[in-house]
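Read through the structure below, which is laid out as structure tokens, and then see the notes.
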Amino acid sequence: MGDIFKAMALSNKGISQSDRIHPMDVQMAVFHCADGFLKQLMVTKLSQCQYALPLFVPDPDTQQIEFPLWTFRQINKSWKMRNTNNEIISQTHPVYKTKTPMVFFFRFGSVSSSKSQLMNSLINEKHNTFFHRNCPGSSRTRVLMDGVVEIAWFSPSGKNTDKFMDCVAFCNLHGDAGDHEKQLQILTEMASVNVVLLPQLQNNDKSATIIQNLYRNRKPFICLFTEDDSAVTEPIKGKYKIGLKERNQSEVSEELRRTINDCLSESSSTFRLEDVSKHSDIRVDEDDDECKRGREAAQQMMSLLEKKDLTEIKDSFLPHQGKLWHQWSQKNKELHRPRAYETEMDISRKKTEMKNIRHQQQESDITTFIQLFFKQIQCHAENKMYFLKWLEIFLTSKNILIPDKVEQTDLERISEELQVASFGLEHIMREIGQIYESCSSVKKNKKDLQVHFSSLPSLAAKMMISGFPLELMDGDAAHVPVIWISAVLDKLIQKLGDQRVFVLSVLGIQSSGKSTMLNAMFGLQFAVSAGRCTRGAFMQLVRVSDEMKTQMNFDYILVVDTEGLRALELTGSSTRHHDNELATFVVGLGNLTLINIFGENPSEMQDILQIVVQAFMRMKVVKLNPSCVFVHQNVSDVTAGEKNEEGRRRLLQTLDKMTKLAAKDEVCDAECFSDVIKFDVQNDVKYFAHLWEGNPPMAPPNPNYCDNIQELKKTIMSHASKSHGTMLIDLKDRIKDIWEALLNERFVFSFRNSLEISAYRKLETKYSKWSWRLRSDMMEIENKLHNKIENEAIHEVEETDLQTELKETSEEVEKSMSEFFEKDTDADILIQWKSSFEIKIKEIQENIVRETKKKLNEILQQRDLKKMIDAQKTHHENTLFEKSKELALKLKDKTNDEETLKKEFDLFWKHSVKKIIRDTHPIKDNDIMGDVKHFLSDIYESAPVGHWMESKDIFSVQSYTQYVLFKKEFKESVINSSRYTQTLSPEDKIRNFITDVAQQTDKMIQSFNISKMGYNISCIQQITDYIKMRVTEHQKRSGEYEFKNEFFMYLVHSICNRAEQMISDQHKMFRDANDPEIYVEKKRAEYYSIFQKYCHGATSAAIFGEIICQKLKEPIEQSVYKKTARDLTDEIMKNCSSLNGNRSKLEKHILKTLAEEEDCHKYMNYIYNPRDHFKSFIRDEVSQYITDKFNVSVLHKMKENIKLLQQKIIKAAHESTEHVQVNRGDVGLWVKSFTQQLSDVLIFSEKDLSGVKHSGADNCNLLEDVIREELPAIMSDIYSKFNTEAFLVKLDYTFRPDEILIDHFCQCCWVQCPFCKTVCTNTIENHHGDHSVAFHRSIGLSGIHYDNTCNLSTHICTSAVGNSNLYFYPIGSEDKVPWKDYRTAGGVYADWSITSDLSELPYWKWFVCRFQKDLEKYYMKTFAGSGVIPDEWRKYSKQDALESLDKYI
């Protein structure tokens, strides 16, 4: 087994105690390396943990002693003591000001007993206040502690068991006191009692002189001898000796405590921390320049507050946040919560009052205090942090503290005083916020503000970045300063970039340890003392370390701390409402909400849970999805698993019960809490141990509490890693949205999710691009197939062929969609629409394919129908060629006599053309409206058609009731409803019916392909039959009324009248192309050119080449025109400001144009016929764009397309020549190859050359050369004739840029609000979900008026639905419906989402004022009585109206 003695004698290979780093060396090394703020934070945290604090710190290099007074500035000490009447008195003081007795411990030489351990036994035997040699981790050697003096305080609790009856400071000098004379000298002088440890007293020792002096001094002096075992003795009064050797530690501790108490009872000497700095031979950290300047600046400000009554300070020095701000806040709430019978005039009056308050705020002087604050911030930019910290310290020390015991009757008074007198940095920032809001509202800087008000948010943003909390909700006014918060967040984004943040909100009952928990978890500095509870809500940024960023995709955590629910300061009837408001606000903001429950009182738990559940239910209804974690604090035994399981079960039961109650209030279908929010009762409920291990004020923090904090932190990080968080810019909108909804009281019905709206608009813009990409590519495919059909290269078109052609584009669009939904910054919001938009894109693709197939098949059918026309035309052309050739051969001898040749040709031409005209029927001009009259006269023989034909336009008729025969029962209800608030008739139904019929007939007319087939009277017959069929169907479906004959006649007339120009243009194209007299005459010059060549003996190949070129001219022209039109459409979609976005942007430009033109007739057309107005606007924009950009862009595109086509034709000619040579073919093979190669770009085929004899034209090389030479002249001729008028006239309507864009933009939702006629802004036709608009307008614009009056209403839909006493009667009903419950009316009303808020567009207020007389004349009613136009509306200028469009749309 070996020899134990030898084994134990071997050297220890392990780590020796001397090799370990002493824990206090680590603390002091960090302390030496830290800046002033970190040192202060370290010392503050050490104090909270009841550890001793560094009082004197020698410099490791120079041994210069530093007194870190700055580090003590944020520490307060609280204790309780009994007065002479045996009453308990509470005391709370900043530790640097506190006057207490001080006991100083030091040692000489090396002693066997631990001085620090002995001191711990005096202060708290259960906690190592001073680190000592027997603590875990201690080592024999230490490097940085010798000469360090630490200080700790004993704070009594007012109980008889207290070790000391008053607060007592204990100082501990580390190391041999003989080596640290300065520390010894200063502290022995300042101490109330000096206590020395030494082995034994020796006369010749170096310490003997010092001990002798202390013994002779009048101050109490205690000697502790480690080598003496005697009990306490008092050789002379005030001088004590106690032996420590081999004595019971508890006994020694008790003797020493009694002795110190005896000494203190005799001594009147007190110690104050600040007085230490008076000693000249030590360095004070606060003497550093930056700290000193910061203090002087803060003291300068504080000097203004001297001798001021605390309860009056805020009123005197911070006037902007006082009475005026509170009045404005109250008015704002009243504005959002209308009383019964409130009109727009009342709303306007409130707004005016609010503006006046803002003016008063803006005009009030900035106090000297705030001016000085601005000055100090600017002058001390480098030591700004010191200045702000000093100011915070001084202000905190000036606040009122709550007495420990007060009578119930005094509670409210003291609460009020506390609220009024509390004065911190947050109040200064609140004042600055109100200065900013008032200046921003009136758009004017304050005369006594040294900087421009726009720079103020930057100051707050810098403070947030530096770690200061920012007030989010003003707790005194119970209001969110949205303008200020938005501006600060904007500046924050400027400075940091638009960072992604995880918002962590905290809710709980007052004084439940919320702020303490946050401070412990994130190192924050929310106020935690009993007298300074958080008011309102504050937010603070916590930067996420690079290491943590790997676990979650966030740059910052934004912590939102709130005042306690059921707060003392807010007791009374409004408590419940305020708590619900606060809870809803922070729950809505948070990605995760911590619900903090304190203690195990079931009634308190029930109260807070009901509030919290209601808040989460509101989030569910408005489609916000936060998560939550419950923290149950102050639980007696957190380790008891069974008890915790039972607690979880009870909590879930309570939550389910509260859910059922809240579901009734919020009109939500939920049976249990898990129906409301994703919640895991096992992982999302945390039990926390007591914060303190023992009873305060001397109890240290409970280590289990710290473990609980870490566990909670992991849970939060787990939630964060699964969350998308919030972008700062989105947070700004979310704050505004939630607060606006809360102001309206009916949160669920008032909430407008700006983030969703913004994301959806972005999606709509993308959708517009995706759909345009599909349409654009299909147009190219359609053009190619159209050419092939005309060239008889294909004889049928199947959907599968089109899908195959479109497959590549379709896949690219799908890929783009997938990337957008996955990678966009709003991916988490957009995901809800992914499937519906994928379906929509699929549907639009199917529609495009279906429509294209239909069009191409119609062309196929029409191709066969017009074969005779084309054949006749080709026959005439070829006959002329052959006849001219024969004439040329006869005149071969007279080739030098040009005059004779021309004369002969003219005679030949005249004779030939006359014969052609005689043999064919000329194409007549059309008389469309004459045909319409003829048809209508046949249908209604008795109708005086001629009387009304010129005057009636069904699209601009104000009311359709004159054309309707009501059935008896319906007529009565309409008459009965005419006296009510809103006279609603079937007007909307009829108007929508007319719009749809007009749209379908437009498509029908386009399908006639008049430019290719020509016009005939059957077109009118088909249109008339279709309209008659639709009218009959509509009457059957409605069952409420029948149309008079005049209605049908006016409808047919108006539709045909609108289409007349289009039909005429198309027919002219057909006539120009197919009337022999016209098209033959156009070709005279070409025929004469060929005739000349025949005369001069040109080869057959050369002449045949020229004939080909001449025949190519018209197809080239059409191809180039169509290609240029498509290219131009693409360019317009990119470059034209009104047409390069989505439908909302287009509408903004329409409204701007209307305002510039100031034509009421056009406005009414826009209001009642929005689709027509959009079409007209698009046509005007495209026409203007072509005119403006013709020389710059359109001609350039034309030139490029001509060049490309020329290259293709020459290439086709060359390859055809090669093909003939390889296959030893003839000119026939060349023609076949040539036309096939061009069949997808030109309407040009073999049949176009079928009648031209080309015998002897076998030299294909020559043929190719002729084409190469002649083609540029033809192209040049086409280019020279290209102008703005010819461009659109020569294009078929379906290929025109304006018609393509109309087709693109107008395939959207056109449903109008049943009240104000605003068009739904959704860009998808037949979309899912409700119709909605960003801004409604005054309902008076659609003729709505008050009961039994001719007074038009000025109500705006969004304010009307918030009014509890407004009613309307739905169409055909006598049952009145409250506006606020408009959906219950069913039908069109149920399909609209109208939020109750104050969203409005100043544009429409300006419009009502500008066109008041026109509107009154139009509706034959007036804006008077209850409908009088508010004065506030009249303040808007046209410029304001236009600017509001840019701001809000």
Side-chain angles (χ1 to χ4, degrees), residues 783-794 870 874 877-878 881 885 1083 1085-1087 1089-1094 1096-1124 1198-1280:
N783 182 62
K784 183 171 73 173
L785 294 176
H786 183 184
N787 292 339
K788 288 196 170 190
I789 288 169
E790 295 286 5
N791 295 327
E792 298 188 21
I794 56 174
D870 291 343
T874 304
E877 288 182 5
N878 293 340
F881 275 124
K885 183 179 177 182
K1083 293 182 176 289
E1086 296 166 17
Y1087 284 94
S1089 172
I1090 291 166
F1091 167 74
Q1092 283 179 306
K1093 286 198 166 102
Y1094 274 128
H1096 290 95
T1099 66
S1100 296
I1103 291 169
F1104 187 52
E1106 183 161 345
I1107 290 170
I1108 289 171
C1109 289
Q1110 296 297 348
K1111 292 244 180 203
L1112 278 172
K1113 188 173 182 180
E1114 194 173 312
I1116 287 171
E1117 187 178 65
Q1118 270 303 302
S1119 176
V1120 169
Y1121 272 52
K1122 285 194 281 186
K1123 180 71 169 71
T1124 303
M1198 183 76 172
K1199 199 171 187 177
E1200 283 295 308
N1201 289 329
I1202 285 173
K1203 186 179 176 183
L1204 286 170
L1205 196 53
Q1206 183 176 323
Q1207 289 169 357
K1208 282 183 181 178
I1209 293 168
I1210 291 170
K1211 184 184 177 187
H1214 177 68
E1215 288 180 0
S1216 297
T1217 303
E1218 287 183 342
H1219 180 67
V1220 167
Q1221 289 169 351
V1222 169
N1223 292 282
R1224 296 180 180 179
D1226 58 6
V1227 72
L1229 181 63
W1230 188 94
V1231 169
K1232 185 176 183 180
S1233 172
F1234 180 69
T1235 54
Q1236 280 179 348
Q1237 287 187 63
L1238 296 174
S1239 65
D1240 60 346
V1241 291
L1242 291 176
I1243 299 175
F1244 182 69
S1245 63
E1246 280 184 272
K1247 72 177 190 305
D1248 291 305
L1249 298 169
S1250 60
V1252 181
K1253 294 176 183 176
H1254 43 74
S1255 54
D1258 292 334
N1259 189 343
C1260 294
N1261 285 318
L1262 180 59
L1263 198 59
E1264 179 190 335
D1265 290 341
V1266 169
I1267 289 172
R1268 194 186 297 275
E1269 288 168 15
E1270 294 290 335
L1271 200 58
I1274 288 170
M1275 294 298 194
S1276 179
D1277 184 49
I1278 292 170
Y1279 182 74
S1280 66

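Keep in mind it's a predicted model, so treat the numbers as computed, not measured.
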Out of curiosity, [X] [atom1] to [Y] [atom2], how far, rounded to the nearest 0.5 Å?
X	Y	atom1	atom2	result
K1199	K1203	NZ	NZ	9.0 Å
N783	Q1118	CG	CD	10.0 Å
H786	K1122	NE2	NZ	5.0 Å
Q1207	K1211	CD	NZ	10.0 Å

Exercise for the section: For the residue pair Q1221 and C1260, establish whether any side-chain heavy-atom pair is separated by less than 4.5 Å. Expected result: no
Return all side-chain donor-acceptor pairs below 3.5 angstrom for residues 1262-1272, not counting sequence neighbours, or 'none' if the list is empty.
| residue | atom | partner | partner atom | Å |
| --- | --- | --- | --- | --- |
| E1264 | OE1 | T1217 | OG1 | 3.0 |
| E1264 | OE2 | H1214 | ND1 | 3.1 |
| E1264 | OE2 | R1268 | NH2 | 2.7 |

For the student: nearest non-hydrogen atoms of [X] and [Y], plus distance:
X	Y	result
E1117	I1278	N-CD1, 4.0 Å
I1274	Q1110	CD1-N, 4.1 Å
E1246	T1235	CG-OG1, 3.6 Å

Handout entry: Stepwise side-chain contact (heavy atoms from CB on, under 4.5 Å) check, L1205 with I1209
Key = CA-CA 6 Å; L1205 196 53; I1209 293 168; 4.2 Å; yes
Handout entry: Stepwise side-chain contact (heavy atoms from CB on, under 4.5 Å) check, E790 with F1244
Key = CA-CA 8 Å; E790 295 286 5; F1244 182 69; over 6 Å; no
Problem - Atom NZ of K1113: over 12 foreign heavy atoms under 6.0 Å - result: yes
Fill in the blank from the handout: The side-chain contact (heavy atoms from CB on, under 4.5 Å) partners of N791 (sequence neighbours excluded) come to N787, S1239, I1243, S1245
Exercise for the section: Taking S1119 for its side chain and V1241 for its backbone only, find out whether a donor-acceptor pair lies under 3.5 Å. Expected result: yes
Practice task
For E792, enumerate each residue passing the side-chain hydrogen bond (donor to acceptor under 3.5 Å, both in side chains) test, keeping only those at least two apart in sequence or located in another chain.
Solution key: none
